[in-house]
There are 4 protein chains.
Amino acid sequence: MHRFALLGAGFIGSVHAANLAAHPGVDLVAVYDIDGGRATSLAERVHSRGTTDISDVFDRAEIDAVLIASSTDTHAEHLRRAADAAMPVLCEKPIDLELARAVDVTAYALPRTPHAMVDFNRRFDRDYAELHRIVRSGQIGDVELIQMTSRGPSMPPLDYIAVSGGQMRDQTVHFFDLARWFSGLDPVTVFAAGSALAEPRLADLGDVDTSAVVLELPGGALVQIDSTRRIGYGYDERIEILGSTGMVEARRHRTGSVSRYSRGHVVDDGLHDGWFERVAPSYRAALDHFVQALDGGQIEPTLTEALKAQAIAEAATASLHSGRTEPIVYPTLTERSLP
Amino acid sequence: MHRFALLGAGFIGSVHAANLAAHPGVDLVAVYDIDGGRATSLAERVHSRGTTDISDVFDRAEIDAVLIASSTDTHAEHLRRAADAAMPVLCEKPIDLELARAVDVTAYALPRTPHAMVDFNRRFDRDYAELHRIVRSGQIGDVELIQMTSRGPSMPPLDYIAVSGGQMRDQTVHFFDLARWFSGLDPVTVFAAGSALAEPRLADLGDVDTSAVVLELPGGALVQIDSTRRIGYGYDERIEILGSTGMVEARRHRTGSVSRYSRGHVVDDGLHDGWFERVAPSYRAALDHFVQALDGGQIEPTLTEALKAQAIAEAATASLHSGRTEPIVYPTLTERSLP
Amino acid sequence: MHRFALLGAGFIGSVHAANLAAHPGVDLVAVYDIDGGRATSLAERVHSRGTTDISDVFDRAEIDAVLIASSTDTHAEHLRRAADAAMPVLCEKPIDLELARAVDVTAYALPRTPHAMVDFNRRFDRDYAELHRIVRSGQIGDVELIQMTSRGPSMPPLDYIAVSGGQMRDQTVHFFDLARWFSGLDPVTVFAAGSALAEPRLADLGDVDTSAVVLELPGGALVQIDSTRRIGYGYDERIEILGSTGMVEARRHRTGSVSRYSRGHVVDDGLHDGWFERVAPSYRAALDHFVQALDGGQIEPTLTEALKAQAIAEAATASLHSGRTEPIVYPTLTERSLP
Amino acid sequence: MHRFALLGAGFIGSVHAANLAAHPGVDLVAVYDIDGGRATSLAERVHSRGTTDISDVFDRAEIDAVLIASSTDTHAEHLRRAADAAMPVLCEKPIDLELARAVDVTAYALPRTPHAMVDFNRRFDRDYAELHRIVRSGQIGDVELIQMTSRGPSMPPLDYIAVSGGQMRDQTVHFFDLARWFSGLDPVTVFAAGSALAEPRLADLGDVDTSAVVLELPGGALVQIDSTRRIGYGYDERIEILGSTGMVEARRHRTGSVSRYSRGHVVDDGLHDGWFERVAPSYRAALDHFVQALDGGQIEPTLTEALKAQAIAEAATASLHSGRTEPIVYPTLTERSLP
């Protein structure tokens, strides 16, 4: 049994709490939040103990691992403390919204904690894992084109958007990570075009809600990603990977399998209303992967891989404004101590 | 070029006329109908010659083959004349509604005409032909269960129904033929249950519009067929064949490939409005098969096979009334001359 | 919180144990089994207490409800004890394999326990519930034809089959219950034909593994059910309901949404390997329904409804042997005390 | 009856010949080709007259309309002669590979011939026409994102590619036209990235076989197009249009509706092997549209619209080389006489 502390008792914290509580290899020892009422309330629901004292987490022998699901601006600090405690850590993305700071804390943490994973949960989606298996085993030959669609059901609140880093860093970054994972390659350039169609006020924030991205991989293969924040028909993800000898597709998910026949039309069950319902199983699978890694498995995605996805998001954001292909500059890690 | 005469200029005659005119190996020399205006009008549309004189068809050297699409009660007589002329013949089903008469004319015709085919066009449906190829090549092992659905879009006129022989002989008979064709076996018993739900007046005719049939094949494999005359959602056919090592399905056909996504639902293009739009290609393919047979290919289904399907329909009709499994008695052919 | 005891710690007992443990409104107080090791082992996995003493279940104030998942031949006795204790009970089907005994215990229990439900879990399948909602709300008009497919992945052990009551009572009975539920009607007659194709030794037991059933509903609507024990391609259920103004279908379930394109073919993810993976969510939903009924909701299916499904299975079994349509005789309940 | 002459007896000429011959409103009077044998051979197959004398086409009163399907470098000259004869003309794309020359002949022809149409046949695809109807009627709100996939089955010969104008002008141009047609807007900028993955020698021609294009429409909506020349799995087209209130999709076409079930997988019929089989019906529909226009209907796409699609292809080709967003400059037409 791995004794976990959970940092953060907001929405995504509560998702992790339920998954930790249900995992047969995990004992959820403590739930930390700066808001004591929130910590206690969530802890009670999962038969754990709430705390507002961070040293309860990092300075006690009874904790084996931490899951960081606190607010984004605290990830780096919590990661640093986990590194100081040489504690395995599963961290919600991003490490830090500011790439330089994310690089610094990664450089600091890598030699100090043996197991650090960033929770790009899409890698653990059942269908995407099957695409990865097919592609990496060579069944479709060389990758030539990847097409990914990421469309959210409704506009997030403007104040969330304002601190999210923008569509590339907040939403599309998941698919930048997938592009690297599927292809096994680091994209060399990125082009991005976007507009604020669903919420014109985004333009004032320098952000977009509808975008098209083209990545070029070493050797010339291409990746297309369309991302939108608000569609009228639920939560929509789909992926196609075209190789030199075949193509594989992860189709849209439907909520059920009922068809209604009437003259001229067949009405099928539609997409999930929200993103969470669609990706919930991949959160569980990601946690399970992390726990298996603690028991000796390989961890992925690592902090370094998360930095690479973030570097693509940086260049994509630059391209949104420049109107041209931008080179992607991946960070170099040199060990250093944090200030 | 095979020089054809077409007998019958009604709806199904006009379908055959168009197919004959378009076939590269066919010259449509004459269109016969008892109604001269109808014969001429159809003949003009396909650049042929209309006639009301049956000897124009059977007594002239310029005709190589006949296609019988005249009214059902004339099939037997036309078939007999074709036999006398030793002329190849493609005949609309049935040979005759009265099984005994159909047996007689078949016995007469078989030794006299080298090529006689009954137009059970479903065998030439692209998907059903693929099912047949898969099943007969042993890819799904031994046939264990066949499920067939035959559902018409709207109630035919009562006066058509009254002379049609009833649902088993008129509609389900196509699937009796398919059951034999797919399995390579002659069913031994049949059970049928039915009701007059869409048109209660059918009950007065001793007929049904909604039925379920179970055939048992030698060795114990089963065939289920549901037939309905009027559904609200277009024309619906589908077939499943379950074997000992796999299953194959010919799915419903759709009119197009457009999907409309809205919250909670996806609306796809539906089924064909009418039966003819659905089966039109199989009429062309059936004609092509016949023409190829004239050039040396094997012919099917033969008159004898058509009689077998009709014999199943007879027993099914008996079962509708008896409420029990009925044995299927296949006719024995002994050559005889017609009165 | 409802304090449950679980009777039976075999496979299906362990399924119920996990569901009970995870349900927020349930406290699983005790796990009973005649085999003490099995009871204890399962109890430990769900943080409960194992026992081999049935009075621990029925004679203690700490238990509010029981879930009967013990061997079939003990259901009636456990149900009787629950009735004596006026305790709500959720019972695995069947009440008893012998219809007369099932009738007796039902007559005894009905006035004594306020909440008794038989776990026909298919009613709680998400898609079937949606079909029910659509049909019962009149959206497809009057029901005219129901088509149900129930195909198991592999042959159960012969010694299981020998005590199962045969295919009608063991497998098809779920769909007899659904036929009543969808239509709101009690079928009046049944015809069944079957063969032992996958396992010829079944014939010695008077049983079949491949069958076709036709039910007739009051008013003439028909129900077709094909049941098979062993198919090569996973676990397969599908249902179509044809009404006078439309049709609804619950399609086969697939394990995933990946398509692999190559020349001439598209390979999609297939069906579930086993029946349990397919129906697992409906066990959870059935339990939830029962718990809600304890909190004041309506219970279904009741013991009486279960008896009706069983009565159809009796008549279907008779028809398998008689080769003719059999009337369905529903039991009359008169209160009596058990011997 | 409209009396047509067909110019060009190559592959696409033979397609048009068959369609003209089968159209009930058309009389195919002459087939012209510079190669007399080819002209005669094709003419015989469709019961027409072959000729190598172009004045047989343009100087005789018996011809009402021409269909230009000759080699690309002759389109402009044939169009000019049709204009001189004030003859309706249906012209294969492009008008001329050199945009300036296409502009000149269009400016010349427009005031001289009342009916000139360029054969962008995709507009007449049944599914795309349905998308257009839905989108233009406002059913999905404002267009926000269009995604189009155009993937050819096998690499065309290098000598064809060399004179084709490159992937943007030869292949993707069809989808530039569709983008304008669906949205009702003229794109303002284009970005294109591409590689020679299937045929590296394309790089020497400055051409690509795998590309991703992003168009921006006035108001900010985006269009994504991926085009590939050689895929391993048949001919693949699909289109999605995302609007502010819904999404519509024209799915991939399949050759049939057969599903083969085995453990773990379902194998469906795949895509068409070749592009022609997929688009054949749209050639017929395009011709029918032109004939209806001769009888008083509106013509589309006009020469002017074809020039616009070509202007987008010009800018896209420039972007392939510049690596940045390029403005699209639409040609201005001023009437002039050709040299």
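Just so it is clear, the structure is predicted and the values come from calculations on it, not from any experiment.
With chain B as partner, the option from D:T245, D:L131, D:I140, D:D269 having the largest number of non-hydrogen pairs under 4.5 angstrom is D:D269. Contact count against chain B (heavy-atom pairs under 4.5 Å) is highest for D:V248 among D:I241, D:V248, D:L242.
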> Passes side-chain contact (heavy atoms from CB on, under 4.5 Å), B:R251 versus D:D268? Steps please.
Replying inline: CA-CA 10 Å; B:R251 304 189 309 274; D:D268 285 352; 3.5 Å; yes
>> Run B:M148 and B:V223 through side-chain contact (heavy atoms from CB on, under 4.5 Å) and show every step you take.
In response: CA-CA 8 Å; B:M148 299 192 275; B:V223 179; 3.9 Å; yes
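Going from atom CG of D:L215 over to atom CZ of D:F176 covers 6.0 Å, rounded to the nearest 0.5 Å.
Looking at B:D27 and B:H2, their side chains never bring a donor and an acceptor atom within 3.5 Å of each other.
Interface residue D:S259: backbone and side-chain heavy atoms are both found under 4.5 Å from chain B. At a 4.5 Å heavy-atom cutoff, the contact between D:E249 and chain B is made by backbone and side-chain atoms alike. Using a 4.5 Å cut-off between heavy atoms, D:R260 touches chain B through backbone and side chain atoms alike.
Between D:T149 and D:D236, the closest side-chain pair of non-hydrogen atoms falls below 4.5 Å.
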